[in-house]
Amino acid sequence: MGSSEKRSKDVMSDIPTFSGENLQKNLKVIQNSRTFLSIIAGVLAGIIGFNGLTGFVFYFVVMLITSVGLMAKAGFSADLYFDSWNRVLFDGFLGGLMSFVLFWTFAYDLVHIF
Amino acid sequence: MAEDLVLDTAIRDWVLIPLSVVMVLIGILRYFVSKLMLSSPSPDAKILKEGQVIIRARNLKAGANFIPLRSFRSRRLYFSNEENGLLHVPKGQGTNPQAQMFSDPNMAMDMMKKNLSMIIPQTLTFAWVNFFFSGFVAAKIPFPLTQRFRSMLQNGIDLSTVDVSYVSSRSWYFLNLFGLRGLFSLILGDENAIDDTQRMMQMGGLGFDASKNLGAEKDGLDMIQHDWALPRFEQRAESVLRKLVK
């Protein structure tokens, strides 16, 4: 992600002004990180050999770690970079689920069944 | 759970991996084909004008508090004046853009092309999968499912004692279909990634019904309470300077 998160809100004035373009760029960054991490989590879960519910718990743990990482990158003040806290924390949770399941199945089969 | 089946390595080499590779390649191919076939529609002047008016009205709404009261009022009057205000559309003309959109041959062709480019690869791949890869267990899903899913996931396998986790290649195809969306959004750059399912959802609302948009903008403008922010900026400047000096 580097220095790609830009400030999208000018908090100094009473009236919050957003820079739409930066806001969208920041959201893209979140989405990309989550997708990437869900794929990696899927491969890891398959290699380790999680079964059933444990795998889903692992997925949510990884998503939480993602949220914490993103918050740390944004300096724990999500107001400067996004318009609401919920976006940073919960956006894209379920979007990565299908990719996670696919790569989980793939890795699990490759390693354990065949 | 029952004993673990041991599956032939040949299945892995010749079914799972080729199917995934083929689907990824078809996705990339579809992306490039859609880029090549993109015929730029000749923009309709009327719709373009209305779109720009809406953008101007929105800018006015966003920056309303930064201009003095009288300027704001005169601008607002320009937009929502009853006789020749830009946002006031007489009832008769309201439904035109939509009817135009349906009868305009360019639009229809574009819609059809997008539909076809989406449906044909899926259908072909599905038929190919069914023809070649049916009748055997292809993969094992790592999580347990109930018996209801058996008919959906195990369609080629005729034994009813096999665990539901062992699925046929048709379900592997569907799993790939949904799961590769994320991969495409990473590979293909940030747009055009979520092709099939999102486009299917977009087919419903055909976008631009201009009369409702204009009416909504007019109501939004009428509702604004003007609160001129500039007098407060002196205090803001003072506080900033104080912070700097400390």
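Only a predicted model underlies this, so the values are computations on that prediction, with no experimental measurement involved. Below, chain A is the first sequence line, B the second, and so on; all start at residue 1.
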Point to revise | Separation of M98(A) CE from L183(B) CG (nearest 0.5 Å) | key: 13.5 Å
Revision key, fill the gap. To the nearest 0.5 Å, atom CG of L175(B) lies from atom OG1 of T105(A) at 5.0 Å
Revision key, fill the gap. Minimal heavy-atom distance between G179(B) and S99(A), with the atoms involved, is O-OG, 3.0 Å
Point to revise | Engaged part of F100(A) at the chain B interface, taking heavy atoms whose separation is under 4.5 Å | key: neither
Practice item. Find out whether W172(B) and L102(A) are in side-chain contact, i.e. whether some heavy atom of one side chain is under 4.5 Å from a heavy atom of the other. Key: yes
Study note, to complete from the structure: Looking only at F56(A), F50(A), F36(A), the option with the highest number of non-hydrogen pairs under 4.5 Å against chain B is F56(A)
